[in-house]
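Remember, it's a predicted structure, so these values are computed and weren't measured experimentally.
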Amino acid sequence: MTNRETVKWLKFFGWVIVLCIILRVFAGEPCTVLSDSMYPAILTGDRLWIDYATYGARLPRRFADIPLLNIFTWIAPLRKADEKINWGNRRAPGRRMPRIGDIAVFESPEQADVLLVKRIAGILNPGDTVVINDSNFNSAARIVKNEGQKIFKRNNSIYIDGRKDSTFIVKQTLYEMRGDNQSNSHDSRYFGYIPCSSIKGRISFGLYSIDSEKTGF
């Protein structure tokens with residue numbers, strides 16, 4: 001093989017790598033479900049496609065988020081340096097916002113490296129008012145804390161950021177995520193609502209199911 005042919009092949013493989021990165025970042029990726037929290041719509045072992053384009057692909061926040069290039073962050077010194085990088089939460093333009101009934105993939109608010117698959121059961125929009133009382137204090141407190149504010153109870157009174165108040169105005173869009181199999185699902189009933197920045201994408205179709213007769217979600 002001549003030097004010219006070598007350069008040609010290197011360019012070809014370079015463009016293939018670039019194309020793979022673009023598709024992986026902006027189009028989507030496959031995933032395998034490891035629990036039965038979405039039974040019967042999704043079964044343990046089902047292979048699904050995460051669609052990034054519908055909501056708008058979430059852009060990389062550091063090098064570890066870039067497919068293929070992230071292999072360099074497997075090196076301990078580079079990984080530690082990369083952990084200090086934060087390019088912020090940004091999304092590419094999407095076709096629409098998440099809707100109630102969508103099955104979405106999102107980062108667990110309790111374990112950042114874990115992805116969960118749940119159905120969107122409720123949406124709080126900016127400007128919505130949450131009335132806080134004894135019966136809903138725990139779930140409402142999670143909403144307030146997700147917005148970066150402090151909340152506590154004292155002598156049967158509720159305080160938000162040190163101010164006595166029993167209502168809270170939502171500042172960002174928040175999503176309630178529920179598993180269809182609610183008797184065996186760790187979802188928003190435990191960790192509260194999640195912000196849009198935590199949502200990676202939408203489950204648009206199945207690639208493979210262990211139940212050959214299952215037709216869809």
Taking atom types as modelled, find out whether Asn184 and Tyr39 have a side-chain donor-acceptor pair closer than 3.5 angstrom.
-> no
Look only at the side chain of Arg62 and the backbone of Ile85, and say whether a donor-acceptor pair between them is shorter than 3.5 Å.
-> no
Taking all atoms of both residues into account, what is the closest heavy-atom pair of Pro98 and Tyr175, and its distance?
-> CD-OH, 3.4 Å
Going hydrophobic residue to hydrophobic residue with side-chain gaps under 4.5 angstrom, can you get from Ile22 over to Val25?
-> yes
Any Ile50 side-chain heavy atom under 4.5 Å of Ile203 side chain | yes
Which residues share a ring pair (Phe, Tyr, Trp, His ring centres under 6.0 Å) with Phe191, sequence neighbours left out | His186
Taking atom CG of Leu78 and atom CG of Asn70, what is their separation to the nearest 0.5 Å?
-> 12.0 Å
Shared hydrophobic cluster for Val130 and Leu174 (ILVMFWY, side-chain gaps under 4.5 Å) | yes
To the nearest 0.5 Å, atom OG1 of Thr129 lies from atom CG of Leu124 at 10.0 Å
Salt bridge (charged side-chain N to carboxylate O under 4.0 Å, His left out) partners for Arg142, two or more places apart | none
Phe63: partners by ring pair (Phe, Tyr, Trp, His ring centres under 6.0 Å), with sequence neighbours left out | Trp87
Which residue, Met177, Lys118, Arg178, forms the side chain to side chain contact (heavy atoms under 4.5 Å, CB included) with Ser185?
-> Lys118
Using the rule that two of Ile, Leu, Val, Met, Phe, Trp, Tyr join whenever any of their side-chain heavy atoms come within less than 4.5 Å, decide whether Val105 and Val114 are in one cluster.
-> no
With no hydrogens and no angle check, do the side chains of Ser157 and Asn155 hold a donor and an acceptor under 3.5 Å apart?
-> no
Look at the side chain of Thr44 and the backbone N and O of Ser35, then say whether any donor-acceptor pair between them is shorter than 3.5 Å.
-> yes
Sorted by chain and residue number, the side chain to side chain contact (heavy atoms under 4.5 Å, CB included) partners of Asn125 (sequence neighbours excluded) come out as Ile123, Asp128, Thr173
May I have the step-by-step check of side-chain contact (heavy atoms from CB on, under 4.5 Å) for Asp134 and Lys153, ending in yes or no?
-> CA-CA 9 Å; Asp134 288 339; Lys153 282 198 301 184; 3.5 Å; yes
Contact check, side chains of Arg99 and Ile120, non-hydrogen atoms, under 4.5 Å | no
In terms of heavy-atom contacts, Gln149 and Phe168 come closest through OE1-CE1, 3.0 Å
Do Ile132 and Val144 come close enough that some side-chain heavy atom pair is under 4.5 Å?
-> yes
Do Met38 and Ile103 come close enough that some side-chain heavy atom pair is under 4.5 Å?
-> yes
Distance from Ile151 atom CD1 to Ile160 atom CD1, nearest 0.5 Å?
-> 4.5 Å
Contacts of Asp161 that satisfy salt bridge (charged side-chain N to carboxylate O under 4.0 Å, His left out) - sequence neighbours left out = none
Any side-chain heavy atom of Lys200 within less than 4.5 Å of one from Phe106?
-> no
Can you name the residues that form a ring pair (Phe, Tyr, Trp, His ring centres under 6.0 Å) with Tyr159, not counting sequence neighbours?
-> Phe152
Establish, from distance only, whether the side-chain atoms of Arg95 and Thr54 form a donor-acceptor pair under 3.5 Å.
-> yes
Start with the C-alpha gap between Asp187 and Arg119, add the side-chain angles, then the distance that decides, and say whether salt bridge (charged side-chain N to carboxylate O under 4.0 Å, His left out) holds.
-> CA-CA 10 Å; Asp187 50 34; Arg119 194 181 298 275; over 6 Å; no
